[in-house]
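Notes for the one structure printed next.
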Amino acid sequence: MSGFYKGQVCLVTGGNSGIGRELVRHLAADGATVIAWGRNQRKGVSLVKELKKSPGAVSFETVDVQNPLQVEHALKQLIEQHQRVDYVFHGVGIILGGEVRDHTIDEVRAIMQTNVLGTAHVNLYVYQQMVKQGSGHLVNIASGAGLFPLPLMGVYSASKFAVYGMGEVLRMEGHQLGVKVSTVAPGLVDTPIYERAMYSRTDKAKTLSSLKKRLYMIQPDQAARVILKGTRRNRAIIHTQLYVRLGWLSYRYFPHVFRFVTRQFMKPFRSRYRNVDGSP
């Protein structure tokens, strides 16, 4: 590691699984003081034990980011103990796949509660603290689906567009206040998020198999390295894979072509992967 994060106070939400877990590992190896938030106490304690001998210090707090009172309380405790927070990597999110017409209102609410409100809770309290201390870097992990619309991931895409929009605004507002803000746009990363995702009237196994064949999937460790490198360079948007950047550029500059190409996925999906009876 570079030693860039040595001595820095870093908060990682969703820090006991996937990309978050790898971010904690890399930051600890670099000598940072890392506080991981998550809902799974057992996994969090296991991670702390695993990294006990790292150059940095790692601790874990059970926090549900959907609950603003928990977020506010946990951040106050962090500040009381460390006096500041230098870097925050927020990566809590869930996926909802399938056509919008097949979703239930409960599924939509679950996505928005976690991806949008959870992000808003963390961003609000963290940003206010960073403004108060006059420094800090907030990094929101969104998705490629937050930079360009993806059919069959409509509600998820909308939620990640919100994350991207929030990050862009805070980056502009925070510039003269000493606060940096970056947004990460990952492609497919080999984490359990896809297996845990909700899929409305969709053959989950076939859909995942098709995606993995079509798009390059990276490991969480690779994603974490790209994210930390992009954060060091204060990138506004951090793309973890080239095809995400190309998709974003094509949507920006050739939206009609982008829409035409993505529409072509609907017919094969409906004939091969959509289950009208709702069976898994």
Side-chain angles (χ1 to χ4, degrees), residues 13-14 18-20 89-103 107-120 123 139-169 182-200 202 204 207-218 220 222-223 226-227 230 235-255 257-266 268-269 273-274:
T13 68
I19 297 174
F89 298 86
H90 173 66
V92 177
I94 54 176
I95 291 175
L96 174 62
E99 293 192 53
V100 173
R101 59 173 167 165
D102 294 325
H103 297 332
E107 289 172 334
V108 173
R109 284 181 181 274
I111 293 295
M112 293 301 178
Q113 183 72 29
T114 300
N115 297 1
V116 179
L117 291 181
T119 298
N123 277 223
V139 183
N140 285 318
I141 301 178
S143 168
L147 299 183
F148 45 83
L150 285 181
L152 309 176
M153 299 186 79
V155 175
Y156 174 75
S157 189
S159 73
K160 292 302 184 175
F161 261 77
V163 174
Y164 169 67
M166 184 177 296
E168 284 289 284
V169 169
S182 300
T183 302
V184 182
L188 289 184
V189 182
D190 190 10
T191 72
I193 190 172
Y194 305 104
E195 282 68 28
R196 292 199 299 256
M198 298 179 287
Y199 295 83
S200 304
T202 302
K204 184 175 179 178
T207 301
L208 287 177
S209 176
S210 176
L211 278 174
K212 291 176 181 179
K213 288 178 182 177
R214 292 172 181 270
L215 296 174
Y216 173 59
M217 177 177 280
I218 63 174
Q222 294 173 275
V226 173
I227 292 168
R235 300 289 193 195
I237 304 175
I238 302 170
H239 306 89
T240 63
Q241 285 118 301
L242 179 60
Y243 63 76
V244 177
R245 180 172 177 79
L246 293 176
W248 174 57
L249 291 173
S250 65
Y251 178 63
R252 287 184 66 188
Y253 296 108
F254 307 101
V257 175
F258 181 90
R259 294 186 186 106
F260 172 79
V261 171
T262 52
R263 281 199 300 266
Q264 308 314 306
F265 292 103
M266 295 312 304
F269 167 80
Y273 309 122
R274 183 171 184 261

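By the salt bridge (Lys or Arg N to Asp or Glu O under 4.0 Å) test, Glu99 pairs with Arg101, Arg270, Arg274, sequence neighbours left out. By the side chain to side chain donor-acceptor pair (under 3.5 Å) test, Ser143 pairs with no residue at all, sequence neighbours left out.
With values rounded to the nearest 0.5 angstrom, Tyr199 atom OH is found 8.5 Å from Tyr194 atom OH. From Arg245, atom CZ reaches atom OG1 of Thr240 across 12.5 Å, with rounding to the nearest 0.5 Å. To the nearest 0.5 Å, atom CD1 of residue Ile237 and atom CH2 of residue Trp248 are 4.0 Å apart. Once rounded to the nearest 0.5 Å, the distance linking CD of Glu168 with CG of Asn140 reads 11.0 Å. Put simply, CG on Leu147 and NZ on Lys160 are 11.0 Å apart, with the number rounded to the nearest 0.5 Å. Atoms OG and CG, from Ser157 and Leu96 in turn, are 11.5 Å apart once rounded to the nearest 0.5 Å.
When all heavy atoms of Glu107 and Asp102 are compared, the closest pair comes out as OE1-O, 4.3 Å. What you find for Thr114 and Gly93 is that their closest heavy atoms are CG2-CA, 4.0 Å. Contact between Ile111 and Met198 at its shortest, heavy atoms only, is CD1-CE, 4.0 Å. Across every non-hydrogen atom of Gln241 and Leu188, the tightest pair is NE2-O, 2.8 Å. Of all the heavy atoms in Val100 and Gly154, the pair that sits closest is CG2-CA, 4.2 Å. What you find for Gly230 and Ile238 is that their closest heavy atoms are C-CD1, 3.6 Å.
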*Would you please test Val261 and Phe254 for side chain to side chain contact (heavy atoms under 4.5 Å, CB included) and show each step?*
CA-CA 11 Å; Val261 171; Phe254 307 101; over 6 Å; no

*asked:* Evaluate Val163 against His90 for side chain to side chain contact (heavy atoms under 4.5 Å, CB included), listing each step before the verdict.
replied: CA-CA 10 Å; Val163 174; His90 173 66; 6.0 Å; no

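Residues Ile95 and Arg196 fail the side-chain proximity criterion, which asks for heavy atoms closer than 4.5 Å. Between Phe269 and Thr202, some side-chain heavy-atom pair lies under the 4.5 Å cut-off.
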